[in-house]
Amino acid sequence: MKIFIKLLPHLKPVISSIILGIITGIMNQGAAIACSAYGAYLVSLAILGAAPHAILIGIWVLIALVVLRAVMSYAEMWYAHKAAYGILAHLRVKLYRAIEKIAPSYLMNKRTGDLSSTLMSDVETLEWFYAHTYGAAFIAVIVPVIVLAVIAVLIHPYLALVLIPWLFLTVTVPFWFQNRAEVDGRKIREGLAEVNSEVVDGIQGIREILSFGYESWYLKKLRNANKCLSAVQRKYGSRQGIETGLLNFFMSAGLLSVTIISVYLIKNGMMDRQWYAVSIILSIYVFTPVVAIGTMARSFGIMQSSTDRVFTVLEMPETVKDMVEVSKPLQNKLSVEFDHVSFRYKEELPLVLKDVSFRVSPGETVALVGHSGSGKSTCANLLLRFWDVTEGCIRVGGQDVRDLKQVDLRNIVSIVPQDVYLFNCSIKDNLLLGKQNATDTEIYEAARKARIHDFIISLPNGYDTEVGERGVQLSGGQRQRIAIARALLKNAPILLMDEAVSNLDTKNEGELREALQELSKNRITLVIAHRLSTIMAADKIVVLENGTVAQTGRHEEMILRDSTYSRLIRTQYAKMV
Amino acid sequence: MILRLLSVTKGARGSLLAKALIGVLITGTYIVQAFLSAKGVSYAFAELNWRLFIPIILGIALMVLLRANLLWIREIFGKYAAERVKEALRINLFEHFFHLGPAYMEDGRTGKLQSIFIDGVEALEVFLVDYIPQVLVTAVGLVCILPYMASLDPLVGVIVFVSILISVLCPMFWDKLMNKIGHGHWESYGNLNSQFVDAMQGMTTLKAFNASDAKGNELERDANELYNHTMKKLNVSLISSAFVGFATAIGTALSVGIGAFHLSMGMLAMSSLTVILFLSTECFRPINDLNAYWHKSFLGFSAAEKMFEFLDTTITVLDKGNDRLVIPEGIRPSIDFNAVTFSYNDGTRPALKNLNLSIPSGAKIALVGQSGTGKSTVVNLLLRFFDPQTGSIKISKKEIGKYSIQDLRRQIAAVFQDTYLFYGTVEDNIRVAKPEASFDEIEACCRNSKAHGFISALPQGYQTIIGERGIRLSGGERQRISIARAMLKDAPILVLDEATSNVDASNESAIQESLDRLSRNKTTLVIAHRLSTIIDANEIYVMGNEHICEHGTAQELISRDGAFMELMKAQNAGEKME
């Protein structure tokens, strides 16, 4: 029952709705049972020769009970769902916050479809728990206890006693198959996540699928994922079927036992005939709340695994923790210093950076060069504290980055990434990411500097143009320039650029280069460089090779000697125009 | 909408019918049990004798056992039907999506589609597999019970009939109201999903800009909006449920009460009254189940609406071709764009104006120009991801619309500017181009595209799983895989849209050689950023705003000193060598 314990704390904000749900639920079930039992009682009275007007009064009582029940059943559903959906909204936000803390390291190994199925449908599944299981469990205990007490007092204790084992068996049915339910439940959620991931892949890769005529192969893949899912769902359904059968069996066995005992009691003069019909009807209805929870509990397997999937994310330790309450003060003139930095992404993986040291002094531009896989991007990831170093330290403005809050650190760094990600909103909103309270004038200024303003105003909706998912409606070069405008708008003292090898068309390139040079004038620039012109313009070049610094210096110094750098430049740029 | 949902069950109707029949049998066991119980009550008031009671008890026990088994079998049939319905539905949705093509994704969002394809389909299960058969069960059950009740006591018959009428009709009228009020429900579900997908995929950017917190607040707003929409729609559905619940409860209570009253007036026999006592519950059992399924179909209805809206999206690129495009070995197709005009977003975002372009059989032509001039649009049109508003595009002198789309695309191997890699192994990703390719072929292509080196260095080589979108590879590595893919496809038309833009220069020249070799016996269209790579093209087209501003060989263009020279100068200024 760890699911109860895990999900319990989240009830707190909605506790009043939960309690109201339980109270109205008890009244709903109580009214329903009272109504049926009273009907049976009226029948008995009539058979025993009661006067018509007495029956008429009884009918009014019945009507009152029915009305009460209808109102209560509405109220119960309303409160239970209000609580449940409130918790779901709350959980979704919590999940986002949790993922925020473990990104991007967690996302490297996860598929978006998988994660979003956790956030949407795993959470949605918990509605079963919060709306239909949690309160129902209380009701399933309280209502039968009351009913049994009434039977024992009003009719005969034997009848109550004979019902108890059957009620108990009914409650335990879901536990009999719990292990199987959990295993299958987990497989179902995993299967669903798999189908989700395939679907996201299929949607986002549509251009490739169509142009390679890969449709039928893709559908086959999807069908397979679907088949795996269905196979478990069928197994799960079969188990649920057995449980449904058993639930019904025990419930009916209760009825049978009551029939037999009643006949026995009446025959021996221990019970009045007029109670016979009432006890039969009660023996049916006393099971209603128990069967309701039992029916829900058949789905415990799925609830359990959805809970696990949700909490795996919620409980994932943060990749990078803020280690200080308040950031330590920075020197006025900012510098960036890698001091004997070593790093591995995971403990079992080899080091990707080994004893890397270099310094970017105030106002300097430093170019990181090296073959792909030499550790350039890792340096950028570490500077932004997406990960923390394994050994050594990185200092910004004289302070270890771990002595800064992540928010403060990222406030002083602007980035222009190689793969620009644009959000599915307007160009303006994408730019505002750089500075949330920027004025229009500031935005236009930044866009002008990035040589994208004229293009934007040529669009029918100008800055309000929606860029589509991942900026699909823009070309690669346009996306790149928007990223640059965004960084310009942020205007942070440290600029981190993962230079695109190309994407920028040649004509704007020159202009843009000037803008970037202008931009890097009064700040520190660390650029992962791919172009010779950038490399040559740098104040210092750091050559990385297999995770170590092979060489540092200026282009003119290093190109003349036979060195790692000169070899790199020769192979990389020998054949350029 | 309900009728349309019925049509979705095609292929699983047999199992659904079987499920309904089992349901009828289950109802039957309840009815028999009710009669036996009624008999028991009558005996209790008349003559208490074990000899009379034992057959009743045995009869009920038999019914109980039978029912337990039937319930089990019914669930299995239900899952079986669900499996078939859901699979067919998903495949249908995806096929439609393929027909809509990338054009749909200009405005469409992954998260929205995902929520329709997955959660939407799952949510429909209850309606299709539980509700629909239950309608049949209810109908059969009522046809059997109702007349019998009426024959016992006409007034009770009327009461039951009216209550049933209310409980059946109420949800139907409510459905209309629910559609109006609940309209935003699925919309906000899909919206939240999309926002989330967007936020996940852009999380690195968000964090780098310290904007992840603000995005979180935005998501919180969306989550709350979903909550509000859910509660609003739920409220309507709950009121309907409460009404139906009230109708069935009052029907049961009144028929028992009136029966008792009639008995006290001497208008009804005791044995009839005991039957009414138990049967009045049974009348409403199937309806109560029906009502419960209705409540559970709640999310499904919202989803169905969006699903049908999606299925009704008009396919703009129609596949009307039947002429099979068979190109014999060695004969290379020609391509002609004739006065092509095209705008995106239903003609509101102009991209090409009156474009003329012709690639003779086996030639290599290049398209150069600033970004945003419509170069990639040319590729989109050639692949028929979109159709132009006016003008014609021909391959081998025939309109491309005359070919079947599949055949058309089979003739073209394209390398896109930003390439999409699927979640899966490196090998699988390359195999996309030719599923039946041998491993040697794949490796050869990777050697030619200079991808073999880095692939071999990966932990599991060709079997390494590359994350979603190839997240664990650099831009240049992704491009090299995508070039390998195009090489493997080996189609007579080769389209390279800035194929080597992210590859560093040392690899670029080697890849260029392989591509040159590859294009030797093909018709090739190159969109290039680095002019050095297209100097040898048979013809270079320079694109200015949405049209071709000049074309000719490199020599001609250089001597003309026009737009091409301007580009050359700009590039030389940018990449000046020492």
Side-chain angles (χ1 to χ4, degrees), chain A residues 39 42-43 46 52 55 59 62 66 70 74 77 85 89 92-93 96 100 103-104 111-112 116 119-121 196 199 201 203 205 207-208 211-212 214-215 226 230 234 237 241 244-245 249 252 263 267 276-277 372 410 415 421 424 433 475-477 501-502 505-507 509-510 571-572 575 577, chain B residues 41 44 48 64 68 71-72 75 79 83 87 98 102 110 113 117-119 193 196 198 200 202-205 208-212 219-220 223 227 230 238 242 246 249-250 253 256-257 260-261 263-264 277 370-371 414 417 420 422 432-433 468 474 501-502 505-506 509 529 532 570-571 573-574:
Chain A
L42 275 187
V43 168
I55 304 287
I59 290 178
L62 278 182
V66 168
Y74 171 80
M77 294 287 262
Y85 284 113
R92 289 195 169 115
V93 175
Y96 171 83
E100 185 186 346
R111 302 176 70 177
T112 314
S116 63
L119 186 101
M120 296 309 292
S121 68
N196 262 301
V199 164
D201 232 11
I203 295 170
R207 202 178 48 175
E208 274 71 9
S211 67
F212 285 107
Y214 197 59
E215 295 97 323
N226 225 340
S230 306
R234 228 173 24 226
T244 314
F249 176 78
S252 313
V263 173
K267 249 182 109 64
Y276 179 79
S372 75
R410 289 178 196 143
I415 67 157
Y421 190 91
N424 188 13
L433 213 60
S475 76
V501 178
S502 179
D505 47 81
T506 43
K507 179 156 182 267
E509 215 169 284
T571 54
Q572 295 263 28
K575 290 186 180 168
V577 171
Chain B
V41 174
L48 268 177
V64 170
L71 283 167
W72 177 27
E75 200 105 19
K79 284 293 168 194
E83 180 181 336
E87 183 178 316
F98 285 153
T110 309
L113 284 180
F117 290 5
I118 309 283
D119 296 348
N193 199 356
F196 188 65
D198 208 15
M200 283 305 100
M203 187 54 97
T204 313
T205 307
F209 280 98
N210 269 338
S212 56
L219 267 161
E220 190 167 351
Y227 168 76
T230 309
L238 285 183
F246 177 75
I250 201 86
V256 172
F261 180 66
L263 181 93
S264 70
L277 174 63
Q370 293 184 35
S371 86
Q417 201 174 4
Y420 187 88
F422 296 92
V432 163
E468 193 165 74
S474 77
S501 60
N502 283 322
S506 64
S509 50
H529 60 289
S532 59
Q571 181 162 35

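Because the structure is a prediction, the values reported are computed rather than measured. By convention in this document, chain letters (A, B, ...) are assigned in the order of the sequence lines, proteins followed by strands, and residues within each chain are numbered from 1.
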Inter-residue atom distance A:Glu100.CD - B:Met200.CE, 0.5 Å rounding: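 That separation rounds to 8.5 Å.
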Gap separating the CG atom of A:Asn196 from the CE atom of A:Met120, nearest 0.5 angstrom: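 Spacing of CG (A:Asn196) from CE (A:Met120) equals 10.5 Å.
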Let's test your reading of the structure: which of [options] forms the most heavy-atom pairs below 4.5 Å with chain B?
options	answer
A:Leu433, A:Val43, A:Thr244, A:Thr112	A:Thr112
A:Ile55, A:Val263, A:Val93, A:Ile203	A:Ile203
A:Gly205, A:Ala89, A:Ala70, A:Gly237	A:Gly205
A:Arg207, A:Glu215, A:Met77	A:Arg207

Does any backbone or side-chain atom of [X] lie under 4.5 Å from a heavy atom of chain B? Answer side chain, backbone, both or neither.
X	answer
A:Val66	both
A:Phe249	both
A:Ile415	both

With respect to chain A, which residue among [options] yields the maximal number of heavy-atom pairs within a distance under 4.5 Å?
options	answer
B:Thr110, B:Asp119, B:Leu238	B:Thr110
B:Asn210, B:Leu263, B:Val41, B:Val64	B:Asn210
B:Ala433, B:Gly202, B:Ala68, B:Ala414	B:Gly202
B:Leu219, B:Val256, B:Thr230, B:Asn193	B:Asn193

Proximal component of B:Phe196, with respect to chain A [non-hydrogen, under 4.5 Å]: side chain
Region of B:Phe209 in contact with chain A, defined by heavy-atom distances below 4.5 Å: both
A:Tyr421 side-chain N/O to B:Asp198 backbone N/O, donor-acceptor pair under 3.5 Å: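 Looks like yes, one N/O pair under 3.5 Å.
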A:Leu119 backbone acceptor or donor facing A:Arg92 side chain under 3.5 Å: yes
Indicate the atoms forming the closest heavy-atom contact of [X] with [Y], along with that distance.
X	Y	answer
B:Ser264	A:Pro52	OG-CA, 3.3 Å
A:Ala277	B:Leu277	CB-CD2, 4.0 Å
A:Asn226	B:Glu87	ND2-CA, 3.8 Å

Aromatic plane relationship, A:Tyr214 with B:Phe422 - under 30° parallel, 30 to 60° tilted, over 60° perpendicular: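 Judged by the thresholds at 30° and 60°, the geometry between B:Phe422 and A:Tyr214 is tilted.
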